There are 2 protein chains.
Amino acid sequence: MTAQRDELNAVSDTADQRVVPGTERTIPEATVARLAIYLRALTGLAERGIGTVSSDSLATAAGVNSAKLRKDLSHLGSYGVRGVGYDVALLTDQIRSTLGLNENRAVALIGLGHLGQALAGYAGFASRGFRISALIDADPAMVGDRLRGLIIQHVDALEQVVRSENIAIAVIAVPVNAAQDVCDRLVAAGVTSILNFAPTVLNVPSHVDVRKVDLAAELQILSFHDNRKGARQDFAPASVARVGAVGSRLTTTDSMVAAT
Amino acid sequence: MTAQRDELNAVSDTADQRVVPGTERTIPEATVARLAIYLRALTGLAERGIGTVSSDSLATAAGVNSAKLRKDLSHLGSYGVRGVGYDVALLTDQIRSTLGLNENRAVALIGLGHLGQALAGYAGFASRGFRISALIDADPAMVGDRLRGLIIQHVDALEQVVRSENIAIAVIAVPVNAAQDVCDRLVAAGVTSILNFAPTVLNVPSHVDVRKVDLAAELQILSFHDNRKGARQDFAPASVARVGAVGSRLTTTDSMVAAT
DNA sequence: TCGATTTTGTGAATGCCTTCACAAGGGCGT
DNA sequence: ACGCCCTTGTGAAGGCATTCACAAAATCGA
């Protein structure tokens with residue numbers, strides 16, 4: 001899955017990438033997912049005035065091991081300096097560029113229930129490369145209201161809004177039974193990337209990427225492991241940390257559905 | 001510093017398959033993550049009165065291919081009937097049991113900002129095996145208020161609440177700079193599974209599981225793929241003029257400030 | 001009873017990711 | 001200049017996960 005065989009990707013802006021002919025730098029999906037984490041860690045370092053960082057400490061800050069970090073960075077042809085480490089500012093630029101975050105990306109948010117409103121107000125979007133540029137809901141009572149500086153539009157105007165703002169990324173936070181319909185309309189209007197919070201599988205054509213966040217599923221996965229723990233070492237209240245076999249798992253939301 | 005529990009798993013890694021008496025099997029992590037999806041799909045089928053389902057149609061409903069589904073189910077020793085399919089009710093039970101969802105699990109929710117309040121009201125938790133049994137926030141103005149039938153408690157009482165309700169699973173929805181502290185206290189109070197919405201890496205001892213949901217990271221991953229698509233040729237559907245050039249440099253340069 | 005048909009369960013093959021381990025490169029002190 | 005030490009970058013190895021493909025059930029109709 002994960003369709004998208006990528007070919008040429010010009011757009012190298014900051015540092016010149018050695019664009020070796022025939023070397024289509026294909027970056028593993030798992031690596032891409034971690035780049036976002038590295039970026040976050042780098043931002044933290046920069047704020048603390050740290051200008052250079054070793055793979056070891058960056059890896060620790062990002063919660064991975066250093067071999068993995070180095071392998072990941074090697075995929076984007078990054079420039080570390082042996083014996084020294086990585087330049088924080090340079091690496092930040094490299095990753096931002098790789099992720100396509102160099103100018104803020106316009107995002108549409110559909111559905112302004114509790115979750116939608118929380119997302120609308122989430123500062124992390126703005127600070128990390130995204131600008132919510134359209135708020136859409138189906139409730140007539142909400143339409144016209146102003147939220148975070150934007151006017152809420154009716155879902156009837158969805159296509160028009162998406163087209164006029166040239167939006168490629170949308171966030172779906174509508175009730176589960178409306179999700180597929182909204183999705184279809186977004187896709188028809190030209191959206192190519194969707195972040196889905198509705199607990200349902202969305203059907204999309206193969207050129208559209210869908211990522212999902214299923215909150216209850218996350219808890220269920222935790223529940224599974226918790227269940228196991230309870231069964232294995234019979235209890236042991238928070239006193240001693242049995243550091244034996246299983247390491248703590250640190251996992252991310254997964255799933256990249258690329259459609260049929 | 002910042003010890004990383006990942007440790008070099010020099011110790012037996014594959015050898016920790018301690019099969020406890022009973023039906024303990026080892027289930028791949030990737031499979032566990034999908035079980036939650038299957039469960040959701042099964043619930044949908046049951047609601048439509050469907051009593052039996054083939055691996056093929058269940059797979060379609062869950063957005064995976066049927067071979068993967070069957071392999072997954074084989075790990076939990078499920079009983080499908082050859083030539084017929086799976087009994088929806090039976091399979092539902094099997095998965096619920098595997099995930100440890102047989103009785104509702106108590107969950108504590110820490111942080112009642114916009115996101116926290118949205119989570120508190122999320123019906124999907126209750127309907128899928130979880131009961132939020134404690135709401136905690138640091139804002140004195142909120143403490144004592146009633147939200148969704150629960151009284152908001154002050155974070156000072158965190159340990160006491162967690163212990164008295166015997167809570168093993170917690171959801172962290174506090175600002176990023178408070179997250180590690182809250183995490184430490186939860187762990188000390190006996191919590192063994194954490195779902196983290198704060199955009200930071202949490203440090204925990206090895207017996208604790210952390211899953212994280214990083215909303216901005218999800219968008220960034222989409223951004224990466226979208227970037228790749230745009231760089232290719234436009235295969236613009238119908239009329240939509242997907243601006244070929246990535247140009248349009250408005251350079252909003254709003255730097256990065258820590259989210260919260 | 002038997003053969004046709006359907007669909008599961010699973011070894012085997014393949015491919016992706018992670019981890020290992022070390023040579024190559026670069027700075028720094030003397 | 002010259003070693004010494006540090007850290008990167010990366011082949012190679014090893015583990016998981018996915019997919020393939022087919023034999024083994026199980027039902028049904030005649």
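Worth saying up front: this structure is predicted, and the values here are computed from it rather than measured. Any value given below was found using the heavy atoms of this structure, including those in side chains, with hydrogens, waters and symmetry copies removed. Protein chains get the first letters and strands the later ones, always in sequence-line order, with residue 1 at the start of each.
For the pair A:H75 NE2 and D:dT8 C1', the interatomic distance rounds to 15 Å; values are reported in whole Å. In this structure, A:L91 atom CG and D:dT7 atom C1' are separated by 15 Å, rounded to whole Å. Note: CG (B:L76) to P (C:dT10) measures 12 Å, nearest angstrom. In this structure, the CG atom of B:D87 is 16 Å from the P atom of C:dT7, given to the nearest Å. Between B:E29 atom CD and D:dA17 atom P the separation is 8 Å, expressed in whole Å. Distance, B:D72 CG to D:dC16 P: 16 Å, rounded to whole Å. Atom CG in A:L58 sits roughly 20 Å away from atom P in D:dC6 (whole-Å rounding). Rounded to an integer number of Å, the gap from A:D56 CG to D:dC6 C1' is 11 Å.
B:D87 and B:T52 share no side-chain donor-acceptor pair at under 3.5 Å.
Of the candidates D:dG11, C:dC17, D:dG9, D:dG11 carries the atom nearest the A:K71 side chain, counting heavy atoms from C-beta on. When each of D:dT10, C:dT10, D:dT19 is scored by its nearest atom to the side-chain atoms of B:R70, the top-ranked nucleotide is C:dT10. Taking every side-chain heavy atom of B:S55 into account, C:dT8 is the closest of C:dG27, D:dG9, C:dT8. Listed nucleotides: D:dT19, C:dT18, D:dA24. Nearest to the side chain of B:N65: D:dT19. For B:V84, taking side-chain heavy atoms from C-beta onward, the closest of the listed nucleotides D:dA25, D:dA17, D:dT27 is D:dT27.
Side-chain N/O atoms of B:R82 and base N/O atoms of C:dT7 include no donor-acceptor pair closer than 3.5 Å.
Rounding to the nearest 0.5 Å places OG of B:S57 at 11.0 Å from OH of B:Y86.
A salt bridge is defined here as a Lys NZ or Arg NE, NH1 or NH2 lying under 4.0 Å from an Asp or Glu carboxylate O, and A:D226 with A:K229 meets this definition. By the 4.0 Å N-to-carboxylate-O rule, A:R128 lies close enough to B:D214 to be salt-bridged with it.
Nearest heavy-atom pair across A:V176 and A:P199 is CG2-O, 3.7 Å.
OP1 or OP2 of C:dG9 lies within a sub-4.0 Å distance of a side-chain N or O belonging to B:Y86.
Nucleotides of DNA chain C nearest to A:R34 and A:G83 differ in position, and the one nearer the 5' end is that of A:R34.
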